[in-house]
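Presented below is the structure to which this report refers.
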Amino acid sequence: MSRKYRKTRPGVSESDVLPTEHSSELYPHQSIVASIKETADKLKQDQATRGDLKILDRALKELRYAFKVFTPYRKQRKVTVFGSARTNPDDPAYQQALQFGRRMAEEKWMIVTGAGPGIMEAAHVGAGTDMSMGVNIMLPFEQEPNYVIHKNEKLVNLNYFFTRKLLFVKEVHAIVCCAGGFGTLDEAFETLTLVQTGKRDPMPIVLLDTPGGSYWKDWEEFLKNNLLKQELISKEDLSLFHVTDDIEDAVDEVIGFYSVYNSMRYVKGRLVLRLHVEPSNEFIEQLNNEFKDILESGIITKVEAHELEKDDEHLADLPRISLMFNRKNLGRLRQMIDRINSELGPQSSEEAEEEE
């Protein structure tokens, strides 16, 4: 298979990977902490129940500690790998996840999993301890941290699924799903929902079958034969994910997404895309012609870094384009990012190596 995208530039992820909406001013940390304290005081006024208070207390403690663990690695690209905890080492799916974890670690990407056995263990085995992070859920059965991440400083143990699921999506730059049960399907659909509704920036979502397998191929056919045919989703929504049974294709899908595109922010209502390559005026004109349907008003233009993007100082020098996105056609936005990567990215592995 031709490998168009070989490298993702290291150390150029956002320092804060989820909040894409910038307010009209940058509030100091102290005022935000004060707001959290004020909310806590209101719980007493509300006469919140003991059970409600315990949930809030535990969730806040879990997230505080998890953010502390992830903070030193924020600029490092990461991919979450989902899949069954019941998959044995002799299963082809286990070996597929192991090889994928190894390949991503070779590309300097870290692997985040639920830290358990099965597919989660396989991806960590492939990546190795140094390139692995774990978000473990404490259950009375099935789930104990695997031997790769057990007692590691990059392991977080959580009581709630909702805090765990936030970290799976907030702290990473791609999602890869192998075959799994209810949990894996839930995680795949939830990630798609967040991206489709704009609650999470576009990112690669890869559904990885075993060689010749049909788990995700059948799932994709279900979507087409039911959701798409009944117009419960749009055709462009199919661009939000990629089904494959080839490891190298999965790797290319993930790192290729960031070959030119870096990240995005909304600044005073305008969507700003940060890029690693400055587009020509001619290409900007092409984008305006091809993607005018996603513009609420105006045109796509090249811009400089805005004052409100100071939280990502290491990205200040990156070229940028700006548009009044309608915030509705996220599948089309993904198609535009793919178009940018295709037009401006390296056309061969040799070109990518030369850029490094």
Side-chain angles (χ1 to χ4, degrees), residues 8 10-11 13 17 62 65-161 163-181 183-184 187-188 191 204 206-211 247-248 250-251 254-255:
T8 300
S13 173
V17 293
E62 289 187 354
Y65 179 72
F67 293 159
K68 178 182 177 181
V69 170
F70 274 94
T71 294
Y73 306 96
R74 287 269 169 84
K75 295 179 183 179
Q76 177 75 40
R77 295 286 188 193
K78 306 176 201 66
V79 53
T80 293
V81 177
F82 292 126
S84 175
R86 305 182 185 190
T87 306
N88 296 318
D90 59 354
D91 191 303
Y94 186 102
Q95 295 303 315
Q96 185 90 325
L98 187 153
Q99 292 300 324
F100 177 78
R102 179 174 297 158
R103 283 291 296 111
M104 291 308 298
E106 290 173 355
E107 300 291 346
K108 310 304 181 186
W109 279 60
M110 299 187 76
I111 298 291
V112 178
T113 83
I119 294 297
M120 296 172 279
E121 176 185 288
H124 278 166
V125 171
T129 302
D130 290 345
M131 298 298 286
S132 294
M133 300 190 76
V135 186
N136 182 54
I137 188 74
M138 292 179 284
L139 295 174
F141 64 95
E142 246 180 25
Q143 191 82 345
E144 289 290 335
N146 64 64
Y147 70 91
V148 179
I149 200 70
H150 185 59
K151 294 184 179 180
N152 189 278
E153 70 277 3
K154 301 192 300 301
L155 171 67
V156 179
N157 292 297
L158 302 164
N159 186 63
Y160 297 127
F161 272 110
T163 54
R164 183 181 187 233
K165 291 165 79 173
L166 170 64
L167 297 169
F168 275 144
V169 178
K170 176 188 184 298
E171 297 292 342
V172 303
H173 309 87
I175 299 289
V176 172
C177 297
C178 299
T184 300
E187 288 149 349
T191 304
V206 179
L207 308 172
L208 184 60
D209 274 326
T210 56
I247 290 174
E248 294 305 324
V251 172
V254 171
I255 66 176

Single hit among T191, V254, V112 for side chain to side chain contact (heavy atoms under 4.5 Å, CB included) with I175: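 Output: one option passes, namely T191.
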Atom pair [atom1] ([X]) and [atom2] ([Y]), whose distance is rounded to the nearest 0.5 Å:
| X | Y | atom1 | atom2 | value |
| --- | --- | --- | --- | --- |
| E153 | M133 | CD | CE | 9.0 Å |
| Q99 | I247 | CD | CD1 | 5.5 Å |
| R102 | H124 | CZ | NE2 | 14.5 Å |
| M138 | Y160 | CE | OH | 9.5 Å |

Contact check, side chains of [X] and [Y], non-hydrogen atoms, under 4.5 Å:
| X | Y | answer |
| --- | --- | --- |
| E144 | H150 | no |
| N157 | P145 | yes |
| V125 | Y94 | yes |
| R74 | F67 | yes |
| L158 | L167 | yes |
| M104 | V251 | yes |
| I137 | F161 | yes |
| P117 | N146 | no |

Can you see which heavy atom on [X] is nearest to which on [Y], and at what distance?
| X | Y | value |
| --- | --- | --- |
| C178 | T184 | O-CG2, 3.3 Å |
| I119 | F82 | CG2-O, 3.7 Å |
| T129 | V148 | OG1-O, 3.3 Å |
| F168 | T80 | O-OG1, 2.9 Å |
| W109 | M131 | O-CE, 3.3 Å |
| S132 | I149 | O-CD1, 3.6 Å |

Side-chain donor/acceptor of [X] to backbone N/O of [Y], under 3.5 Å:
| X | Y | answer |
| --- | --- | --- |
| Q95 | P89 | yes |
| N136 | V156 | no |
| D91 | A93 | yes |
| R77 | K108 | no |

Hey, is R103 close enough to E248 for a salt bridge, meaning N to O under 4.0 Å?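 Between E248 and R103 there is a salt bridge, with a charged N closer than 4.0 Å to a carboxylate O.
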Audit row: Y73, E171, side-chain contact (heavy atoms from CB on, under 4.5 Å) steps and yes/no: CA-CA 9 Å; Y73 306 96; E171 297 292 342; over 6 Å; no
Check the side chains of E121 and Y147 for a donor-acceptor pair under 3.5 angstrom, ignoring hydrogens and angles.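 No, E121 and Y147 have no side-chain donor paired with an acceptor closer than 3.5 Å.
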